[in-house]
Novice: 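Would you mind keeping the following structure in view while I ask a few things?
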Amino acid sequence: MKKFTLLIFFPVALLSGFLHSQGSDLASLAAEAAALEQELALLEDENEIENLQKVFGFYLDKHQWIQVADLFADDATIEMGGSGVYVGKPRILAYLQSLGAEGPQEGILDDHMQLQPVIHVNADGTAKARWHHFSQQAEWGVSHHWGAGTYENEYIKEEGVWKISKLHLYSTMRSPVDDGWHVTALPRSELSAELPPDRSPSIDYENYPAVFVVPFHYGNPVTDPYDASGAFTLSVLLSLEELVAKIDEMDKRLGLVEDADEIERLQTIYGYYLARNQWDDLTGIFAADGTIEIAQRGVYRGAASIRRNLNLYGVQDELPGELHNHMQYQPVIHVDENGQTARLRSRAFSLMGTFGRQGRFMGGIYENIFVKRDGQWLMLKDQQINTYFAGTDDGWINITRSQPPGITESNPPDEPPTLDFEMYPKAFLPPYHYDNPVTGRTEVIE
Amino acid sequence: MIRLPMKLTLCFLLPMILVSCKDQANIFTESSDDEETMARLQSKLADLESRVHRVKDSNDIKRLQRAYGYYLDEALWDELADLFTEDATFEYGRDGLYRGKDRIREYLYALGGGQNGLSEGQLNEHYQLMPVITISDDGMTAKGRWRALILSGQHGGEGVWGEGPYENEYRKENGVWKISKVRWYQTIMVPYEGGWGLNEDINKGIYVSPLLPPDEPQTDNFGSWPETFLPPFHFENPVGRYSPPEVSGEGKG
């Protein structure tokens with residue numbers, strides 16, 4: 001027990017110059033620690049908000065309306081395109097339910113990628129963020145569309161949990177796949193007659209081909225940097241013991257933030273190596289006991305098998321006239337409290353093909369596991385659950401083959417596939433490694 | 001919030017010399033230990049501070065490059081040019097290298113046909129994706145690999161799919177991160193109809209250099225789709241490459 005910082009608050013402390021200087025040192029160190037903890041908390045907040053919006057996106061894709069609505073604060077608002085503003089959680093749920101039946105449906109593709117976040121956390125437990133929206137939507141045999149837009153959203157921290165307080169998707173481009181945006185560009189959505197909004201659209205604008213710049217919540221980052229400073233509440237530590245404990249705690253928390261960064265970096269690097277058939281480099285980022293399981297081809301375990309699996313996708317480093325670009329998006333990362341393992345859900349949107357034949361788009365979900373060994377993060381499990389393969393000109397409207405590629409007899413896996421799934425137009429919900437970040441509700445898939 | 005430890009408060013409220021206060025005794029007898037503890041805490045806190053700032057720097061750089069993307073989408077050239085250092089370089093596709101903020105502004109305006117902002121019917125989406133950020137040891141410069149996915153074109157004209165990676169550099173000036181180098185490698189820029197399967201690159205990576213010659217030629221030569229090229233990485237494999245076992249024919253059981 002060495003609670004001598006308090007000495008400085010008592011005249012008696014002045015009896016000892018030594019004590020006084022010790023007290024001041026501790027006081028200033030404690031103040032420094034408190035200020036740093038605020039900076040650390042902002043980094044944690046940013047990561048949580050990033051996860052929240054990406055989780056929103058994955059639920060939205062699969063029409064999990066209850067899960068989506070639960071990510072909002074009680075008095076939140078939602079405004080998508082020109083549909084007007086719905087106020088409060090029950091109305092948000094009602095609006096979402098007006099868009100279709102609950103859960104993934106056969107014949108429906110509704111991928112909404114959440115990209116390019118610019119997040120600013122304020123001192124008062126609120127935050128704003130701009131995101132890009134890029135969508136692939138289809139109703140089998142009826143229609144298929146590209147969509148683009150920008151979110152300008154707001155978030156609030158309630159009892160330690162970040163929630164969406166305002167979601168505003170400025171949809172700006174919508175075009176049928178058969179024509180492309182240069183031929184047919186559709187207007188933004190209209191007010192629903194069945195479920196009129198609580199408020200009219202907050203802003204009047206027209207979709208592409210008109211010109212419209214979605215308002216920014218921030219100024220130019222160089223000439224007008226965002227001012228997040230404000231009335232942070234600093235907790236003042238009193239004792240050396242408390243300070244020791246606080247610094248240890250911060251060390252651990254910061255470690256988890258760094259871990260999440262490293263995992264996102266590793267998954268991204270995976271994407272760059274995959275895009276260029278850099279098979280030895282790619283194999284190198286796996287743990288010795290790692291596994292790869294792509295497109296129901298089965299499980300390949302260990303470096304030699306992983307390297308052998310990669311031969312299925314082409315010859316190492318050779319890509320004459322070939323595009324093999326598996327872009328990695330929207331990682332939702334959860335690092336275990338001990339900082340030794342982590343799980344990631346993310347998605348790929350891929351541009352693939354060989355020059356001279358129709359190219360293909362591929363969409364899919366990753367549910368991966370990472371492990372830290374000797375301070376180094378490694379890929380322990382890489383699992384790709386494909387959503388579709390679609391010809392660039394054919395799109396999704398008439399896709400008939402829902403079976404993923406499956407096992408290759410000439411280069412077989414070590415173990416059979418761990419998950420049975422079918423691609424669009426079949427409905428499938430790839431299992432989540434996480435529960436709803438607000439309610440803790442686990443999705444029960446029937 | 002200041003919390004008063006009851007025990008200690010009592011120590012001082014009582015006549016101090018007469019009362020034996022265990023805590024206070026410790027302060028004197030263990031002062032050298034405390035000094036050591038303080039020194040250790042000081043250095044640990046300094047280490048934490050530099051680590052926090054590295055993560056913050058990385059986040060700032062991501063925001064900066066993403067802000068770049070949102071401005072590029074809207075052809076907001078002045079906002080875009082303001083993101084660069086005075087001595088920055090800009091090299092887009094196979095157009096060659098433009099040096100200095102003023103030349104970058106000139107280049108960007110040339111891209112937009114002399115106009116700030118899009119005109120009716122123009123689509124110019126440039127999504128900034130897949131950051132791999134590496135900050136220098138002194139925390140004053142950084143490098144970043146990114147991938148751009150591009151949906152562009154002119155309503156009533158041509159639609160275009162584009163894609164390619166950036167290898168950019170950043171510098172911190174007066175506490176603010178700026179872009180010091182943009183290098184964008186065009187992998188594809190192909191018509192919507194037929195995509196990359198049936199079309200060669202529409203412009204071979206050449207945008208405005210015939211009208212506005214660059215200050216220096218292209219720094220690394222690469223062709224255009226369907227030729228393929230591996231833009232150099234600014235980072236090493238974070239773990240290490242796999243090397244196949246020496247003995248061959250030792251198939252896995």
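Naming convention: chains lettered A, B, ... in sequence-line order (proteins, then strands); numbering from 1 in each chain.
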Novice: Quick check on Q116(A) against chain B: is it the side chain, the backbone, both or neither that has a heavy atom closer than 4.5 Å?
Specialist: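 Both parts, backbone and side chain.
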
Novice: Evaluate side chain to side chain contact (heavy atoms under 4.5 Å, CB included) for L351(A) paired with L149(B), printing each intermediate quantity in order.
Specialist: CA-CA 10 Å; L351(A) 314 179; L149(B) 173 66; 4.2 Å; yes

Novice: Got a donor-acceptor contact below 3.5 angstrom from the R357(A) side chain to the G197(B) backbone?
Specialist: no

Novice: Could you tell me whether the side chain of W196(B) and the main chain of M352(A) form a donor-acceptor pair under 3.5 Å?
Specialist: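 Yes; at least one donor-acceptor contact below 3.5 Å.
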
Novice: Tell me, which pairs form a salt bridge (Lys or Arg N to Asp or Glu O under 4.0 Å) where one or both residues lie in residues 75-84 of chain B, sequence neighbours left out?
Specialist: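 Applying salt bridge (Lys or Arg N to Asp or Glu O under 4.0 Å) to every pair that reaches into residues 75-84 of chain B, excluding sequence neighbours, yields D78(B)-R105(B), D82(B)-R105(B).
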
Novice: Any idea how Y71(B) and F216(A) line up, ring-wise: parallel (<30°), tilted (30 to 60°), or perpendicular (>60°)?
Specialist: tilted

Novice: Can you name the nearest heavy-atom pair linking P238(B) to L266(A), along with the distance?
Specialist: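 Nearest heavy atoms, P238(B) then L266(A): CG-CD1, 3.6 Å.
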
Novice: Could you report the tightest heavy-atom contact between E120(B) and V211(A), atom names first, then the distance?
Specialist: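 E120(B) and V211(A) have their closest heavy atoms at N-CG2, 3.5 Å.
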
Novice: Heavy-atom distance under 4.5 Å to chain A: side chain of V52(B), backbone, both or neither?
Specialist: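 Both backbone and side chain.
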
Novice: Identify the heavy atoms of A275(A) and R147(B) that sit nearest to each other, and give their distance.
Specialist: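 Scanning both residues completely, I find the closest heavy atoms to be CB-NH2, 3.5 Å.
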
Novice: Any sub-3.5 Å donor-acceptor pair from R66(B)'s side-chain atoms to P117(A)'s backbone N or O?
Specialist: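 Yes; judged by distance alone, with no hydrogens or angles, the pair exists.
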
Novice: Checking the side chain of Y192(B) only, and the main-chain atoms of V177(A) only, is there a donor and an acceptor separated by less than 3.5 Å?
Specialist: yes

Novice: Heavy-atom pairs under 4.5 Å with chain B - which of L115(A), L323(A), I285(A) has more of them than the others?
Specialist: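 Of the options given, most contacts go to L323(A).
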
Novice: To check you understand the geometry: which heavy-atom pair defines the closest contact between D261(A) and S58(B), and what is its length?
Specialist: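 Looking at all heavy atoms of both residues, the shortest contact is OD2-OG, 4.3 Å.
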
Novice: Under a 4.5 Å heavy-atom cut-off, does chain B meet the side chain of Y272(A), its backbone, both or neither?
Specialist: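 For Y272(A), heavy atoms of backbone and side chain both lie under 4.5 Å from chain B.
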
Novice: What part of D73(B) gets closer than 4.5 Å to chain A, counting heavy atoms only: side chain, backbone, both or neither?
Specialist: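 D73(B) touches chain A through side-chain heavy atoms alone.
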
Novice: Chain B heavy atoms under 4.5 Å from W146(A): which part of the residue, side chain, backbone, both or neither?
Specialist: side chain

Novice: Quick one: do W161(B) and T392(A) satisfy side chain to side chain contact (heavy atoms under 4.5 Å, CB included)? Show the steps, please.
Specialist: CA-CA 10 Å; W161(B) 282 110; T392(A) 55; 5.6 Å; no

Novice: Using non-hydrogen atoms and a 4.5 Å limit, figure out which bit of E322(A) sits close to chain B: side chain, backbone, both or neither.
Specialist: backbone

Novice: Using modelled atom types only, decide if a donor and an acceptor are shared between the side chain of Y70(B) and the backbone of H132(A) within a distance under 3.5 Å.
Specialist: yes

Novice: What part of R360(A) is in contact with chain B, defined as an atom under 4.5 angstrom from a non-hydrogen atom: side chain, backbone, both or neither?
Specialist: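 Contact with chain B: backbone only.
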
Novice: Below 4.5 Å from any heavy atom of chain B, which atoms of T150(A) appear? Answer side chain, backbone, both or neither.
Specialist: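 Contact with chain B: side chain only.
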
Novice: Please rank V244(A), N325(A), T172(A) by heavy-atom pairs under 4.5 Å with chain B and give me the top one.
Specialist: N325(A)

Novice: Please check if the side chain of Y208(A) supplies one atom and the backbone of H155(B) the other of a donor-acceptor pair under 3.5 Å.
Specialist: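 Yes: the side chain of Y208(A) pairs with the backbone of H155(B).
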
Novice: Quick one: what part of E46(A) sits under 4.5 Å from any heavy atom of chain B, side chain, backbone, both or neither?
Specialist: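 Only the side chain of E46(A) comes within 4.5 Å of chain B.
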
Novice: List for me each residue that meets side chain to side chain contact (heavy atoms under 4.5 Å, CB included) alongside T85(B), sequence neighbours excluded, and say none if there are none.
Specialist: D87(B), A88(B), R171(B), E173(B), K178(B), S180(B)

Novice: Between F84(B) and chain A, with a heavy-atom cut-off of 4.5 Å, which part of the residue counts as in contact: side chain, backbone, both or neither?
Specialist: neither

Novice: Backbone N or O of Y242(B) within a donor-acceptor pair of the T283(A) side chain at under 3.5 Å?
Specialist: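 Checked: no pair found.
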
Novice: Has the side chain of D393(A) got a donor or acceptor atom that lies under 3.5 Å from a matching backbone atom of G194(B)?
Specialist: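 Here the side-chain-to-backbone pair exists.
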
Novice: Give a yes or no on whether the backbone of S152(B) and the side-chain of W181(A) come within a donor-acceptor separation of less than 3.5 Å.
Specialist: yes

Novice: Check whether V190(B) gets within reach of chain A through its side chain, its backbone, both or neither, counting any heavy atom under 4.5 Å.
Specialist: neither

Novice: Considering only heavy atoms, which portion of W177(B) lies under 4.5 Å from any heavy atom of chain A: side chain, backbone, both, or neither?
Specialist: backbone

Novice: Would you say N237(B)'s side chain and D281(A)'s backbone share a donor-acceptor pair under 3.5 angstrom?
Specialist: yes

Novice: Is it the side chain or the backbone of V213(A) that comes within 4.5 Å of chain B heavy atoms, both, or neither?
Specialist: both

Novice: So for T223(A), is it side chain, backbone, both, or neither that comes closer than 4.5 Å to the heavy atoms of chain B?
Specialist: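 T223(A) touches chain B through side-chain heavy atoms alone.
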
Novice: Under 4.5 Å between any side-chain heavy atoms of H182(A) and E193(B), yes or no?
Specialist: yes

Novice: Could R265(A) and F235(B) be counted as a cation-pi pair, given that NZ or CZ must be under 6.0 Å from the ring centre and within 45° of the axis?
Specialist: yes

Novice: What is the minimum heavy-atom distance between L83(B) and V222(A), and which atoms define it?
Specialist: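 Distance-wise, the nearest heavy atoms are CA-CG2, 3.8 Å.
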
Novice: For residues A148(A) and Y127(B), report the shortest heavy-atom separation together with the two atoms involved.
Specialist: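 Scanning both residues, the minimum pair turns out to be CB-OH, 3.4 Å.
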
